[in-house]
Amino acid sequence: MPTNDPKPTKAVRRDEARLKAAQMRKEQEKKAKRNRILAITGLAVAVLALVAVAFTIVNQNKANEAANSDVVYGQGAENVVAPELADVTSPAPANDKGGIPVSGDGVGSVGDGDVDLTVYFDYMCPYCGQFDTTNSADMEAMIEEGGVTITYHPISILDRLSAGSSYSTRTANATAIVADQSPEHFTAFVTALYVDQPAEGTSGRSDAEIAEVAESVGVPAEVTATFTDTVDGTFATQDEDAVDGTWRTFAPWVAAATNQAGLDLPQLSTPAVLINGTAFNEWQTPGALKAAVEAAKS
């Protein structure tokens with residue numbers, strides 16, 4: 001149908017296109033500005049959240065350190081000189097290398113002519129937990145069968161990864177007390193501490209929870225009550241010869257045993273497993289450790 005509306009000229013169409021393009025640019029600029037503001041706001045919120053988390057962690061670590069200030073030998077002082085094993089009180093079954101031997105004759109006994117299986121471990125170490133899960137039943141069987149002495153070395157190289165609670169020392173001290181006062185429950189307690197093992201970076205089990213674990217395997221309550229006992233003594237630093245301090249009963253032994261482990265091993269890491277003094281690294285395979293010990297018997 002014919003129309004009387006005039007057709008827009010080329011100039012009009014060009015001006016309309018320019019106006020539309022300008023409007024689109026403004027909308028895009030507004031949208032980009034809005035997105036930048038949202039991104040900056042989101043980043044600021046995220047940064048504040050991270051700061052809050054870091055602040056909470058730092059405060060919690062400080063609280064843990066304060067609550068556990070009388071756990072570790074040297075009480076967290078800088079440049080503490082580790083004591084010698086000969087100069088500290090050791091658990092009754094311990095040997096002069098900081099280990100606790102277990103054979104068919106009991107805790108503290110070394111079987112004549114036995115294969116020597118030695119294990120260094122830290123209760124905060126996840127690989128130590130894997131080692132125990134894979135091999136603890138076989139180790140119990142080996143002790144029952146005889147011909148092998150297993151020497152347990154609880155050490156504390158991962159206190160720094162327990163959020164200020166000194167979990168490695170607390171559990172090693174408890175292990176030493178069990179070996180000393182309730183040796184018949186020693187190996188069961190070692191394994192029980194790896195059930196639902198706390199993760200690195202956490203404060204680990206509380207002292208009360210460690211006691212509960214011990215009592216669950218038969219350790220008497222009068223023994224677990226001594227897990228938090230402390231003794232007074234002196235320690236040396238690189239700058240001072242005698243500084244007064246207070247720490248858990250066997251904390252000096254734990255420190256000395258850990259230091260001795262560093263001297264005895266080419267590289268101090270956990271778990272360290274040796275058969276007759278030779279490193280054994282295939283412990284991840286179920287049954288491999290027992291088979292290697294059986295082979296060493298012959």
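This structure is a prediction, so every number in the text was calculated from the model and none was measured.
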Quiz item: What residue pairs, at least two apart or across chains, pass side-chain hydrogen bond (donor to acceptor under 3.5 Å, both in side chains) with a residue in residues 265-288?
Solution: none

Quiz prompt | Shared-cluster residues of Ile37, by chain and number - hydrophobic side chains joined below 4.5 Å | solution = none

Self-check item: Aromatic ring proximity, centroids under 6.0 angstrom, Tyr123 and Tyr194
Solution: yes

Self-check item: Heavy-atom side-chain contact between Asn95 and Val110 under 4.5 Å
Solution: no

Practice problem: Please determine, by modelled atom types, if Ser165 and Arg170 share a side-chain donor-acceptor pair under 3.5 angstrom. | Solution: yes

Quiz item: Do Thr191 and Asp132 meet the criterion of a side-chain donor-acceptor pair at a distance under 3.5 Å?
Solution: yes

Quiz item: By ring-ring contact (aromatic ring centres under 6.0 Å, His included), which residues pair with Tyr167, not counting sequence neighbours?
Solution: none

Quiz item: Any salt bridge (charged side-chain N to carboxylate O under 4.0 Å, His left out) pairs touching residues 184-205, not counting sequence neighbours?
Solution: none

Quiz item: Asp264 versus Tyr120: any side-chain heavy-atom pair under 4.5 Å?
Solution: yes

Practice problem: Output every pair passing side-chain hydrogen bond (donor to acceptor under 3.5 Å, both in side chains) with a member in residues 217-226, not counting sequence neighbours, ordered by first then second residue. | Solution: Glu215-Thr224

Quiz prompt | Pairs involving residues 104-119, ordered by first then second residue, that meet side-chain hydrogen bond (donor to acceptor under 3.5 Å, both in side chains) (sequence neighbours left out) | solution = Asp114-Thr149, Asp116-Thr118

Quiz prompt | Distance-only polar pair, side chains of Ser168 and Asp122, donor-acceptor under 3.5 Å | solution = yes

